[in-house]
Amino acid sequence: MSDDARVVRMAKSGPMMVEGPVRIEMEDGRVVESDRFMVAICTCKRSKIYPLCDTSHRKKLRAKN
Ligand code: FES
């Protein structure tokens, strides 16, 4: 594996962290781009700015405790 491979970190009950910049192509043709160093991609689908994480997943965690 080359050293310049894209790093993706999976967080338990949280977003998928991807080294930026990223270009996300949605199934409806919409394109979402972020030039952040690290981009949090929503995996819970509760984000108001989906496909990017807005930390709404934390509300779900708090409700369980
Ligand atoms: S993973 Fe953070 S809002 Fe969905």
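Fair warning: this is a prediction, and the values are worked out from it, not measured in the lab. When a ligand or atom number is given, it counts from 1 through the structure's own listing order.
Minimum interatomic distance between P51 and R30 (heavy atoms only, all atoms of both residues): CD-NH2, 4.3 Å. Contact between M38 and M17 at its shortest, heavy atoms only, is CG-CE, 3.5 Å. The two residues D35 and P21 make their nearest non-hydrogen contact at CA-CB, 3.7 Å. For the residue pair V18 and R6, the shortest heavy atom distance occurs at CG1-CD, 4.1 Å. Annotation for H57 and C44: closest pair CB-SG, 3.8 Å, computed over non-hydrogen atoms.
Counting backbone and side-chain atoms alike, C44 contributes an N/O/S atom closer than 2.8 Å to atom 4 (Fe) of ligand 1. Residue contact annotation: H57 places no N/O/S atom under 2.8 Å from atom 4 (Fe) of ligand 1.
For ligand 1 and S47, the ligand atoms under 4.0 Å from any heavy atom of the residue are 3 (S). Within ligand 1, the atoms closer than 4.0 Å to a non-hydrogen atom of D54 are 3 (S), numbered from 1 in the order shown. Here is the list of ligand 1 atoms found below 4.0 Å of a heavy atom in T43: 1 (S). Listed by number with element, the atoms of ligand 1 under 4.0 angstrom from any heavy atom of C42 are 1 (S), 3 (S), 4 (Fe).
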